[in-house]
Asker: 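Before we start, here is the structure in question, set down as structure tokens.
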There are 2 protein chains.
Amino acid sequence: MKERATLVNEALDKSVPLQYPEIINESMRYSLLAGGKRVRPCLCLAACEAVGGNIAQAMPTACAMEMLHTMSLIHDDLPSMDNDDFRRGKPTNHKVYGEDVAILAGDALLCLAFEYICRETRGVAPERIVRVVCEVGKATGAEGLVAGQIVDIKSEGMAEQVGLETLQYIHEHKTAALLEASVVCGALVGGAGEPDVERLRKYARCIGLAFQVVDDILDITQSSEVLGKTAGKDLLSDKTTYPSLLGIERSKEVAQQLIADAKEQLSCYDPAKVAPLLGLATYIGARTN
Amino acid sequence: MKERATLVNEALDKSVPLQYPEIINESMRYSLLAGGKRVRPCLCLAACEAVGGNIAQAMPTACAMEMLHTMSLIHDDLPSMDNDDFRRGKPTNHKVYGEDVAILAGDALLCLAFEYICRETRGVAPERIVRVVCEVGKATGAEGLVAGQIVDIKSEGMAEQVGLETLQYIHEHKTAALLEASVVCGALVGGAGEPDVERLRKYARCIGLAFQVVDDILDITQSSEVLGKTAGKDLLSDKTTYPSLLGIERSKEVAQQLIADAKEQLSCYDPAKVAPLLGLATYIGARTN
């Protein structure tokens with residue numbers, strides 16, 4: 001995973017050149033190259049390999065996933081949204097560049113993600129690229145990430161805590177949708193047929209939900225220093241989370257069950273080919289920051 | 001043009017269904033269906049027809065252009081940007097739905113634009129659709145619209161007025177880039193070869209610049225009521241504009257020369273086929289709001 005993340009970082013570094021007007025590109029680069037764990041790009045590359053494709057075919061789509069994830073972090077951190085001052089251990093984008101530039105940097109990363117897939121992908125049939133854009137658009141817009149963020153914002157500060165159903169809706173859209181798109185689009189550019197796409201989609205849904213359950217647990221059990229962002233925010237804002245509904249121990253069990261379910265989807269494949277996907281599932285269940 | 005605008009409005013109305021979470025879709029629809037003149041979609045449809053394509057092939061791309069334009073208006077109007085209270089004669093998006101929802105509605109429209117082109121386009125070779133996404137992404141992101149907005153924001157309130165070169169950069173990126181993409185992408189989905197694409201690109205660059213010169217003139221000569229947005233803002237904010245640099249009369253001459261140059265590019269085509277493009281050039285030169 002570290003090797004892959006390095007390749008992704010190199011590609012991302014080249015994807016945003018430092019040209020006029022410098023401030024927008026600096027702002028995009030500031031958040032894009034802030035050293036995230038590159039889980040989404042790694043999932044995309046791994047899914048492509050699992051179905052017999054090669055890394056080069058999936059690299060532009062993998063980078064696009066990180067651009068979209070970064071965009072969502074920049075906009076979520078804004079004062080009118082979650083109002084966060086730190087992210088990945090550094091001041092948030094708007095703290096450094098101002099709100100106006102931060103909003104535009106997010107917009108530009110969003111555009112670049114779609115453009116980058118279509119401009120840089122080689123050795124993939126164009127009808128597959130068109131389908132990738134559909135998947136990515138759906139996962140990011142008003143039926144995906146944006147929907148999750150809206151429901152999240154509108155649920156906070158309500159008199160009653162939201163129920164498990166709403167909590168799941170938020171996570172499925174805010175977190176799982178883009179993880180799912182990363183896996184599905186990796187499979188698509190790798191040449192997957194329909195049954196493979198659907199099997200990997202199920203794998204992705206399980207790890208997507210597990211990812212958020214673990215996130216909720218870490219918000220309570222880890223320090224801000226380890227997380228690189230403000231810890232304990234969910235408790236302070238009286239936000240509904242898995243631990244607040246189920247307790248920490250039961251939440252941990254739920255996460256582990258989801259990881260097991262995810263791995264189960266891969267049992268029919270050659271273990272050598274799905275080793276990176278299996279490794280990523282283990283990583284997501286065991287991560288500490 | 002009115003007929004075409006009606007078709008575009010019908011398609012846009014269907015493009016954002018009123019589903020859960022309703023507030024984001026309501027917010028998107030509020031600005032998208034606020035009754036703009038649909039200049040970009042009309043240009044897209046007209047360019048497609050000029051090269052022998054039909055309206056149905058270009059309709060999804062035409063709608064996407066209006067989604068992107070609307071997104072840019074929503075984000076430009078935000079308090080941290082131009083801080084505008086009125087647009088198209090109605091309160092701006094953030095005045096009605098709040099800043100958080102307005103930012104997300106813009107994000108969602110941006111995603112939907114790319115998804116919509118790829119999901120809804122029929123009867124066009126997929127490699128052409130891939131190329132359209134590249135053109136649209138470049139016109140909207142850090143090399144297009146976003147670049148223009150950044151330079152615009154950073155030029156305001158500076159001690160000295162910006163020069164003609166910076167002014168042209170702002171207009172070329174903030175306004176002309178999307179008008180150009182509308183024309184070029186319409187031509188691409190209509191099956192245009194390279195020479196046609198480049199000729200129509202030149203046409204689009206001329207009307208794009210003319211569009212902004214006329215906008216600057218109208219900001220001074222028309223009332224807020226007629227414009228549907230706050231008039232006289234450029235003067236109040238001491239913004240560099242064509243009239244402030246060249247005077248109103250000379251600015252009008254520049255606009256008319258650009259419209260004539262645009263029409264000149266169409267002289268080698270069958271007049272019946274380019275009638276809508278000629279009409280749009282005339283309209284852009286003569287519009288009063």
Side-chain angles (χ1 to χ4, degrees), chain A residues 16 19-21 23-25 27-28 68 71-72 75 78-81 94 98-119 121 125-147 149-151 153-154 169, chain B residues 16 19-21 23-25 27-28 68 71-72 75 78-81 94 98-119 121 125-147 149-151 153-154 169:
Chain A
V16 183
Q19 63 197 19
Y20 182 83
I23 190 168
I24 186 71
N25 295 297
S27 165
M28 291 163 77
L68 294 167
M71 172 285 294
S72 79
H75 282 187
L78 288 168
S80 62
M81 306 256 210
H94 64 271
E99 255 183 274
D100 49 359
V101 177
I103 292 169
L104 290 169
D107 293 351
L109 283 169
L110 196 43
C111 295
L112 181 59
F114 292 103
E115 182 193 344
Y116 200 72
I117 293 169
C118 288
R119 196 183 66 203
T121 302
E127 52 267 33
R128 284 186 178 262
I129 301 175
V130 168
R131 198 166 151 204
V132 163
V133 173
C134 289
E135 282 280 342
V136 172
K138 196 175 172 193
T140 318
E143 292 184 55
L145 235 154
V146 166
Q149 176 67 354
I150 275 280
V151 176
I153 288 172
K154 296 297 167 194
Y169 181 93
Chain B
V16 183
Q19 64 197 19
Y20 180 82
I23 189 168
I24 187 71
N25 295 298
S27 164
M28 291 163 76
L68 294 168
M71 173 284 296
S72 79
H75 282 188
L78 287 167
S80 62
M81 306 255 213
H94 64 272
E99 252 182 276
D100 48 359
V101 177
I103 292 170
L104 290 168
D107 292 351
L109 283 169
L110 196 42
C111 295
L112 181 60
F114 292 103
E115 182 193 345
Y116 200 73
I117 293 169
C118 288
R119 196 182 68 204
T121 302
E127 54 267 31
R128 283 185 179 264
I129 300 176
V130 168
R131 196 165 155 205
V132 163
V133 173
C134 290
E135 282 281 341
V136 172
K138 196 176 172 192
T140 318
E143 293 184 56
L145 235 155
V146 166
Q149 176 69 353
I150 275 279
V151 176
I153 288 172
K154 296 298 167 192
Y169 182 94

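Below, read A as the first sequence line, B as the second, and so on, with proteins coming before strands; counting in each chain starts at 1.
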Asker: Is any side-chain heavy atom of A:Ile153 closer than 4.5 Å to a side-chain heavy atom of B:Leu104?
Answerer: yes

Asker: Is chain B contacted by the side chain of A:Leu68, its backbone, both, or neither, given a heavy-atom distance below 4.5 Å?
Answerer: neither

Asker: Heavy-atom distances under 4.5 Å only: say whether B:Tyr20 touches chain A with side chain, backbone, both or neither.
Answerer: both

Asker: State the CD-CD distance between A:Glu99 and B:Glu99, to the nearest 0.5 angstrom.
Answerer: 6.0 Å

Asker: Check B:Ser80 against A:Asp100 and note the closest heavy-atom contact, atom names and distance.
Answerer: O-CB, 3.2 Å

Asker: For the interface with chain A, which of B:Ile129, B:Val130, B:Thr140, B:Leu78 has the highest count of heavy-atom pairs at distances below 4.5 Å?
Answerer: B:Val130

Asker: May I ask you to name which of B:Val101, B:Leu112, B:Asn25 has the most heavy-atom pairs under 4.5 Å with chain A?
Answerer: B:Val101

Asker: Might you point out which heavy atoms bring A:Met28 and B:Ala142 nearest each other, and give the distance in Å?
Answerer: SD-CB, 3.8 Å

Asker: I need the B:Arg119 CZ to A:Arg131 CZ distance, nearest 0.5 Å.
Answerer: 14.0 Å

Asker: On a heavy-atom basis, which atom in B:Val146 and which in A:Ala108 lie closest, and how many Å separate them?
Answerer: CG1-CB, 4.0 Å

Asker: Quick one: pull up CE in A:Met71 and SG in B:Cys111 and give me the separation to the nearest 0.5 Å.
Answerer: 5.5 Å

Asker: Are A:Glu115 and B:Val133 close enough, and set up right, to give a side-chain contact (heavy atoms from CB on, under 4.5 Å), and what steps lead you there?
Answerer: CA-CA 6 Å; A:Glu115 182 193 344; B:Val133 173; 5.6 Å; no

Asker: Given that the side chain runs from C-beta out, which part of B:Val151 has a heavy atom under 4.5 Å from chain A: side chain, backbone, both or neither?
Answerer: side chain

Asker: Heavy-atom pairs under 4.5 Å with chain B - which of A:Leu109, A:Ile103, A:Val136, A:Ile117 has more of them than the others?
Answerer: A:Ile103

Asker: Heavy-atom cut-off 4.5 Å, strictly under: side chain, backbone, both or neither for B:Leu145 against chain A?
Answerer: neither

Asker: Any side-chain heavy atom of A:Gln19 within less than 4.5 Å of one from B:Glu143?
Answerer: yes

Asker: Once the angle between the rings of A:Phe114 and B:Phe114 is folded into 0 to 90°, is it parallel (under 30°), tilted (30 to 60°) or perpendicular (over 60°)?
Answerer: parallel

Asker: Can you give me the closest heavy-atom contact between A:Ile150 and B:Pro21, atom names plus distance?
Answerer: CG2-CB, 4.0 Å

Asker: Rounded to the nearest 0.5 Å, what separation is found between the NZ atom of B:Lys154 and the CD1 atom of A:Ile24?
Answerer: 9.5 Å

Asker: Taking atom CG of B:Asp107 and atom CG of A:Leu110, what is their separation to the nearest 0.5 Å?
Answerer: 6.0 Å

